[in-house]
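Please read these numbers as outputs of a predicted model, since none were measured by experiment.
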Amino acid sequence: MVTAKDVSAIDSEKNHGSVVDGVLDDEKELARMGYKQELKRDLTLLQNFGVSFSIISVITGIPSLFLYGLNTGGPAVMVWGFVVVAFFTCLVGLAMGEVCSAHPTSGGPYFWAAMLSDPKHAAFASWMTGWFNLLGQVAVTTGISYAAANFISTLATFNTSFVPEARITIGIYAGVLICQGLINTFGVHLLKYINNFSIWWHAVGTTAVVIAILAAAPKHQSAKFVFATFIDNTGVDGVGWSQRASDAYVVVIGILTAQYTLTGFDGSAHMTEETRNAAMSGSIGIIMAIGVSAVLGWFLMLGLLFSIQDLDGTINSATGQPVAQIFLDTVGEKGAIVLMVIVIGAMFFCGTFSVTSNSRMMYAFSRDGAIPGHKFFHKVDEKTKSPIRTVWLACTLSFILGLPSLGSSVAFSAATSIATIGLYISYGIPIALRAIYGKRFKRGPFHLGPFSYPVAIISCLWIVFISIAFILPQANPVDSQTLNYSIVAVGIVITYALGYWLISARKWFTGPIKQISANDMGVDSMDPTGSTEADTVQVNVDTKS
């Protein structure tokens, strides 16, 4: 627990008026959970929402997987799948919001898992949740920034003789990540302003894109085409999964477009240590981001589908991007350039804030000694109050994970599966623990009341379903070129996390370390192999448990 000295010091600051707008209450709550205020806390509710809204970024997710969606179920699955996915994602967001309100820290899901688990299993639950969240965070940054590189390559072909090649795409991809890393390194003080701009760019830009293509389209597809057309182009040799298995199989794997799009909203949780009134702002930020994105995403999906001029020409576009072809067919080349800039800009903002969220999660995980080299990575820059080293760790790991996607749309869709599976499993573990150990849960200011348990159960069932669905083969027949390698990546993380746990981590990792109490006891809170006295200051013995 926090010592009387800690609380007294905080109260003293409050009496002297050195902290305003409730920031001090946030710091006191963070201290009660055992952490020092190391990050700069100056984000508002709008900016907290903006992080998740920018990471979800429907104008990134939908264009990125539009070709996949057209081939895997077609318009009917894209439209109605989005509605179904949005409904269940809202339930997941509500369940997460309730837990986030009780425990608003940068660690997010992995910290929640430790707090909500039985003390005997808290460390293991935290460990596994953290590694799944880290995998998902890295993969979602990969999917976003690689998509931006692809769209930049596509834009470069407009009215030029430029031909995209794998080596050029990887160079653009590296450049995108470097720029996003530099912003998160030297422009930390500008992030909240970039965040505000990003919110408007996404909202106004998405609306402008839809209005422009619908207004300029020479003709529009029928409602029957948009709402009832089923397409199965999953067969590399012409025999798709609807023939080899069933239409239902295609529907199940086809909802990846929607589920990947509505992913990444834990960004609001990871930014809570930088947000004022965190116990409410983080939860509301999560729920608002999902709700607004769901409405805006469906609007964008319908606009793109109604504006298709020639289905075969769109799917087999020379640009390699169906959305780019829709722009060319509706507003012409000059107009398409403007719309592509809007999309690429949204992707860049999305990737920038994905790196921000990713680095905060890694910072929190290294703060608790879970990442190899944690003493190096748990370093907050004194000037910017930002974890610069984990910013570049996030960029590096995302670059490496993106390499298999070069020249392979199948590999790219697998990367998006990895992001979705990793993140949602990390969401599901604390939600399940909250349901299992409900009597031990001390709720925060945001809670679901009597709906808490049923919402948690339905959310967990949905997460189990999509986690199985997105490791299934996406193209037929399955060979080395069409393998959905998401199961390989997820398997590697499970093997590493479990193996490292059994061999070493179980001997020293006892859950998120409470810095303040540990430091008061003279224990190095960054040394997981230190004195067993540290065990008494772990999160799993907090009175909130």
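A side chain to side chain contact (heavy atoms under 4.5 Å, CB included) with M361 is found for one member of V138, L134, D266 and no other, namely L134. Screening S281, S283, S268 for a side chain to side chain donor-acceptor pair (under 3.5 Å) with N48, the sole residue that qualifies is S268.
Closest heavy-atom contact between M128 and A497: SD-CB, 3.7 Å.
With hydrogens and angles disregarded, a donor-acceptor distance shorter than 3.5 Å links the side chain of T272 to the backbone of A269. Under a 3.5 Å cut-off, the side chain of S101 and the backbone N or O of G97 do not form any donor-acceptor pair. Here the side chain of E98 pairs no donor or acceptor atom with the backbone of A95 at under 3.5 angstrom. Listed for the T157 side chain is a donor-acceptor partner under 3.5 Å among the backbone atoms of T154. Checked by atom type and distance alone, the side chain of N484 pairs as donor or acceptor with a backbone atom of F470 at under 3.5 Å. The closest donor-acceptor contact from the side chain of N195 to the backbone of Q47 lies under 3.5 Å. In this structure, the side chain of W112 engages the main chain of H103 through a donor-acceptor pair within 3.5 Å. Looking only at distances, no side-chain donor or acceptor of S52 sits under 3.5 Å from a matching main-chain atom of I286. With hydrogens and angles ignored, the 3.5 Å screen pairs no side-chain donor or acceptor of S145 with any backbone N or O of T142. A donor-acceptor pair under 3.5 Å is absent between the side-chain atoms of R434 and the main chain of A456, judged by distance alone.
Aromatic ring centroids of Y427 and F265 lie under 6.0 Å apart. Two rings, from F365 and Y110, have their centers less than 6.0 Å apart. Aromatic ring centroids of W127 and F124 lie 6.0 Å or more apart.
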message: Apply side chain to side chain contact (heavy atoms under 4.5 Å, CB included) to residues V84 and F87 and explain how you reach the verdict.
response: CA-CA 5 Å; V84 172; F87 171 77; 5.9 Å; no

task: Please assess F53 against F353 for the test ring pair (Phe, Tyr, Trp, His ring centres under 6.0 Å), listing each intermediate value before the final yes or no.
output: CA-CA 10 Å; F53 181 62; F353 288 105; over 10 Å; no

Derivation of the side chain to side chain contact (heavy atoms under 4.5 Å, CB included) call for I421 and I466: CA-CA 7 Å; I421 293 168; I466 62 174; over 6 Å; no

- request: Could you please spell out the steps behind the side chain to side chain contact (heavy atoms under 4.5 Å, CB included) verdict for F348 and I183?
  value: CA-CA 11 Å; F348 185 81; I183 290 173; 3.5 Å; yes

message: Applying ring pair (Phe, Tyr, Trp, His ring centres under 6.0 Å) to F399 and Y173, what does each step give before you reach the verdict?
response: CA-CA 8 Å; F399 178 77; Y173 177 46; 5.7 Å; yes

field: Step-by-step side-chain hydrogen bond (donor to acceptor under 3.5 Å, both in side chains) determination, Q180 to T356
entry: CA-CA 9 Å; Q180 292 165 344; T356 305; over 6 Å; no

field: T89 vs Q259, side-chain hydrogen bond (donor to acceptor under 3.5 Å, both in side chains): CA-CA, chis, key distance, verdict
entry: CA-CA 8 Å; T89 303; Q259 194 66 78; 3.2 Å; yes

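Side-chain contact, S359 with T390: no donor N or O sits under 3.5 Å from an acceptor N or O. Counted by atom type alone, T206 and H202 present zero donor-acceptor pairs between their side chains at under 3.5 Å. No side-chain donor from either of S354 and Q137 sits under 3.5 Å from a side-chain acceptor of the other. Between the side chains of S504 and W508, at least one donor-acceptor pair of N or O atoms lies under 3.5 Å.
Contact check for L397 versus W392: no side-chain heavy atoms found under the 4.5 Å cut-off. Inter-residue side-chain proximity for M115 and L433 is flagged as unmet; no heavy-atom pair is nearer than 4.5 Å.
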